[in-house]
Number of protein chains: 4
Amino acid sequence: MNHPSQLAAPIPISRRRDRRSDLVDAAIKLFAERTYAATPVPLVAAEAGVGTGTLYRYFPSKEALGNAAFQRAKGRFLEGVAAIGGEYADPRELFSAWWGALFRFAAEHPDEFAFLEHQQHAGYLDAESHALAAQVDEAAAAVLRDAQANGEVRDGDPTLLVALVFGAFIGIDRQARAGLLALDDHTRAATEPIVWALLRKDHA
Amino acid sequence: MNHPSQLAAPIPISRRRDRRSDLVDAAIKLFAERTYAATPVPLVAAEAGVGTGTLYRYFPSKEALGNAAFQRAKGRFLEGVAAIGGEYADPRELFSAWWGALFRFAAEHPDEFAFLEHQQHAGYLDAESHALAAQVDEAAAAVLRDAQANGEVRDGDPTLLVALVFGAFIGIDRQARAGLLALDDHTRAATEPIVWALLRKDHA
Amino acid sequence: MNHPSQLAAPIPISRRRDRRSDLVDAAIKLFAERTYAATPVPLVAAEAGVGTGTLYRYFPSKEALGNAAFQRAKGRFLEGVAAIGGEYADPRELFSAWWGALFRFAAEHPDEFAFLEHQQHAGYLDAESHALAAQVDEAAAAVLRDAQANGEVRDGDPTLLVALVFGAFIGIDRQARAGLLALDDHTRAATEPIVWALLRKDHA
Amino acid sequence: MNHPSQLAAPIPISRRRDRRSDLVDAAIKLFAERTYAATPVPLVAAEAGVGTGTLYRYFPSKEALGNAAFQRAKGRFLEGVAAIGGEYADPRELFSAWWGALFRFAAEHPDEFAFLEHQQHAGYLDAESHALAAQVDEAAAAVLRDAQANGEVRDGDPTLLVALVFGAFIGIDRQARAGLLALDDHTRAATEPIVWALLRKDHA
DNA sequence: GATGAATGAGGGTTCATTCAT
DNA sequence: AATGAATGAACCCTCATTCAT
């Protein structure tokens, strides 16, 4: 008998990682640059280095591709940022880690971040995408709830506080995208205490 | 006997306000809901209650319409929010007025606000639109600079502080758009001190 | 008492000749420059100095305007060129007069001539236009038939001979339109004997 | 048993000649019949037996298609007619060959000829098209210059003489298109000496 | 499985024609 | 009677999707 793997197929062995993954990355990049609606599907395929028809072997439609892109970006954000939590005892340290993770994510995955920022309520997002978005929101809220329980963080709706903090970061990101500042350690260090003032309980 | 002025003309009275203005409003509404790229021109015309061809009597192209919409929204924002300033001696009061204006604007002009939030770096914006956007940014920065000079507001790049505050409001607006809160007096009152903590000089 | 002309009506009194005539002239000019199909009706109205709606008070459709233009141009050609005839006893002189008339017409009415040259078999021409075209052809053929009867002109289908001579002039006109020569007396004098060679009976 | 070659592939064999070529031919035919401006692009595609979108895979715009059509027609004319020359020692024979080629071209390529006749100064023609047109004119003028040098042909601007001869043929072609005569050997033989009279040096 | 040529519905825009003023 | 704003059919062109190779 022979190894099935040798006979059954010419074994490209995951050519360049993964076709599907390449396509999603290409989509995120182009959707971030040009908007979902203004990006032709063939351009995504070309960016990923495959033929147009090939893309449709991995995604049944442009909408499906858009959702895959959204879910990939949101998923990475969840892993990289929103899920930070448990391991920190001190709320101040926790926030520091969270804020740092936000900077790191936006700096290392600028396309993912820009894409997420703009497709907030895009018409093509399906239930799964919305669910994932809700999961991200909840994860962040949970972290904050813990910090509130710990006592050092301001009272109030944790969802609202997360929205304020995350919104403030969006403001920073837009400044960065406009070239007015860099998403580096300096900016992170300068902004961290400012935004922390927003979270920490007012002193008597 | 009758007034000649009443007889002579069948009283046109600015046919339902103004065609051009209606078209811009329709564009802002639809662009906010569906994105500029994903909104067909005929849909804008229909929303304004006119035929497709009529739109092109007022705007030479979809791009021109997009810029008019952007400039109308930004202009209203400038009038309603960014221009607030001089009349307030106390920085705390000034912020209170500014934050209140932001709430009022987002509540009364939700489409304008949503549109502006999304068209941040749209490819179709022309020099005039960019100039107006810069003017708005500068007006807000100027207000903040005054407050800093006055002493009660945190030091640092006023542009960055404005970005943080405005970003925080974007966070609130998104919560509101998701139905998680209302842009009412209660929310305004609850968030104002939180965001003020972001601006005011740290004690001690 | 007052002059009726002052009271009864503003009396434009055939303002600038005749509206209809102005419109036809404007149409000929623009159709010659830009082609019938590529000329917007409002442009014709503007060229004639009237509103678009006014044009439709004189012509029920663009086609009707096109036919009026064709008939005006052909009619003028008939008067100015094709009808020349009877008064000349000598065929050589007759040809000279005819050739001169052709030059004069093309020089004085360049738009009419260019328009006629291009709309030869345009799809919008109606029966009346075709009939007038046929009348022009027949008038020219009749002249030539006379000359043949007189003896000095080559035998053969007069229609064909007319086509050759008129075609030769089209060649000249195109050169002129390209700026390679002028439709002046010099060119007329230089070409007349050449084209006459085409008509005159070969010497034994 | 069957040939594997018949089974393996469904015999592609250059799908009906060439798509691009078919499209140009369809364009020439329709532009000749209906004018460039009055011919919708989808009609050209349908005439070529392809979908509208397909046409745009071969030509970036209607203008590009128009230029390709013009260049194809002019190019064929150059090959078939204007380039005739060198191999004839006797000017009379040369003219005979040239005139015959003209008849053959107009008879075999009636659409090309009609199209060229009408697009003389069309606004959509690009530099390349104009250059080709100039090349054709020059080729014809060169032939005539040779014949003049040889002595048997009338003196004068060769460009003008070519224009006269070619114009005369246009006259014939219009008669033919109107159904008044045929572009056959009989007409050719009948007209050749007439037009030759236009070219040959007058006898003492 | 991969490709990209082919397609036609749909998007931006123009324009012949109408009609309220 | 004159106007020009209004209209929608039709035009040029793009692009999501399919399918023969």
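Naming convention: chains lettered A, B, ... in sequence-line order (proteins, then strands); numbering from 1 in each chain.
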Please compare C:R57 and A:S61 by the position of their nearest nucleotide in DNA chain F and report the one closer to 5'. C:R57

Heavy-atom nearest nucleotide on DNA chain E taken for B:E63 and for A:T54; more 5' hit belongs to A:T54

Note: D:D25-D:R76 ion pair, threshold 4.0 Å (strictly below): yes

Are any of B:Y56's side-chain N or O atoms less than 4.0 Å away from OP1 or OP2 of E:dT14? no

Side chain of A:V50 only, heavy atoms from C-beta on: which candidate in F:dT17, E:dT3, F:dA2 is closest? E:dT3

Indicate whether OP1 or OP2 belonging to E:dA6 is found under 4.0 Å from a side-chain N or O atom of D:R19. yes

Return the nucleotide paired to E:dG8: Watson-Crick means purine N1 to pyrimidine N3 with N6-O4 or O6-N4, wobble means G-U with N1-O2 and O6-N3, both under 3.5 Å. F:dC15

Watson-Crick or G-U counterpart of F:dA20, or none if no pair lies under 3.5 Å: E:dT3

ring-ring contact (aromatic ring centres under 6.0 Å, His included) filter on B:F70, not counting sequence neighbours, yields none

How close or far is atom P of F:dC11 from atom OH of D:Y36, stated in whole angstroms? 14 Å

Heavy atoms from C-beta onward define the side chain here; which of E:dG12, F:dA6, F:dG8 lies closest to that of B:T52? F:dG8

Here's a test of your reading of the structure: between C:P42 and D:Y58, which maps to the more 5' nucleotide of DNA chain E? D:Y58

Quick check: are there more than 12 heavy atoms from other residues, nucleotides or ligands sitting under 6.0 Å from NZ of C:K74? yes

Quick check for you: among F:dC12, E:dG12, F:dG8, whose closest atom lies nearest to any side-chain atom of D:V41? F:dC12

Without decimals, in angstroms, what is the distance between B:R20 CZ and F:dA6 P? 13 Å

Would you please classify the geometry between the D:F31 ring and the D:F115 ring as parallel, tilted or perpendicular, with 30° and 60° separating the classes? tilted

